[in-house]
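What follows is a short report on a single structure.
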Amino acid sequence: MIGRLIDFPKIHDPRGNLSVAEQQKNVPFDIARVYWTYDIPGGGRRGGHAHKTCEEVIIAVSGSFDVTLDDGRGGKEVHHLNHPYQGLYVGTGVWRTLEDFSSGAVCLVLASELFDEEEYIYDYDEFTQRAQNV
């Protein structure tokens, strides 16, 4: 398995449900950065990269989208995210592509590292070459 689904606690309340993500508890790393994407145009894609050291948990806090994970050695998984109480853990060295966003979808990402352009791998051939050497 390349990615792992994490179920966050779902606290039922007649005023609206609540879920909690806590570092080193249900998120397997210290959270250094939180970001979200939204207003993705129809047919749009996000991701298209891998990280050298950063781990992430990807959450569909509203709407839905698909996350394709690729280990660079022939293993691929597609995860359909559509529950705000569930996140997809993505470790280091995994190529990810997000697509098929529903209208109004919001993607929230919890990251283990601060943003660093040097930490990203954007070239797929470089990524697969690195993956073969691991």
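Index from 1, following the sequence.
For the pair Arg96 and His51, the minimum side-chain heavy-atom distance is below 4.5 Å. The closest side-chain heavy-atom distance from Phe8 to Val57 is below 4.5 Å.
In this structure, Trp36 CH2 and Ser62 OG are separated by 14.0 Å, a value rounded to the nearest 0.5 Å. Taken from OG1 in Thr92 to CD in Glu56, the straight-line distance is 11.0 Å, to the nearest 0.5 Å. For the atom pair Tyr120 OH and His49 NE2, the distance stands at 5.0 Å (nearest 0.5 Å). Atom CD1 of Ile121 is separated from atom NZ of Lys52 by 6.0 Å, given to the nearest 0.5 angstrom.
Residues meeting the ring pair (Phe, Tyr, Trp, His ring centres under 6.0 Å) test with Tyr124, sequence neighbours left out: Trp95, Phe127. With sequence neighbours left out, Gln132 forms a side chain to side chain donor-acceptor pair (under 3.5 Å) with no residue at all. With sequence neighbours left out, the ring pair (Phe, Tyr, Trp, His ring centres under 6.0 Å) criterion links His79 to no other residue. Asp7 is linked by a side-chain contact (heavy atoms from CB on, under 4.5 Å) to Gln86, counting only residues two or more places apart in sequence or in another chain. For Gln23, the side-chain contact (heavy atoms from CB on, under 4.5 Å) criterion is met by Asp30, Ile31, not counting sequence neighbours. Applying the side-chain contact (heavy atoms from CB on, under 4.5 Å) rule to Lys10 yields the partners His12, Asn17, Ser19, Tyr85; only residues at least two apart in sequence or on another chain are considered. Partners of Asp125 by side-chain contact (heavy atoms from CB on, under 4.5 Å), not counting sequence neighbours, listed by chain and number: Asp123. In this view, Asp66 and His80 satisfy the side chain to side chain donor-acceptor pair (under 3.5 Å) rule, not counting sequence neighbours. Taking the side chain to side chain donor-acceptor pair (under 3.5 Å) definition, one finds that Arg130 meets it with Glu126, sequence neighbours left out. The side chain to side chain donor-acceptor pair (under 3.5 Å) search around Gln129 returns none, not counting sequence neighbours. Under the salt bridge (Lys or Arg N to Asp or Glu O under 4.0 Å) criterion, Asp70 pairs with Lys76, sequence neighbours left out.
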Could you list the donor-acceptor pairs under 3.5 angstrom formed between side-chain atoms of residues 97-109 and any protein atom two or more places apart in sequence or on another chain?
| residue | atom | partner | partner atom | Å |
| --- | --- | --- | --- | --- |
| Glu99 | OE1 | Arg45 | NE | 2.8 |
| Glu99 | OE1 | Arg45 | NH2 | 2.8 |
| Ser102 | OG | Ser64 | N | 2.9 |

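The closest donor-acceptor contact from the side chain of Glu77 to the backbone of Gly3 lies under 3.5 Å.
A 6.0 Å sphere centred on OH of Tyr38 holds no more than 12 heavy atoms belonging to other residues, nucleotides or ligands.
Residues Val34 and Leu88 do not share a hydrophobic cluster, defined by chaining ILVMFWY side chains whose heavy atoms lie under 4.5 Å apart.
Between Ile6 and Pro28, the shortest heavy-atom contact is CD1-CD, 4.0 Å.
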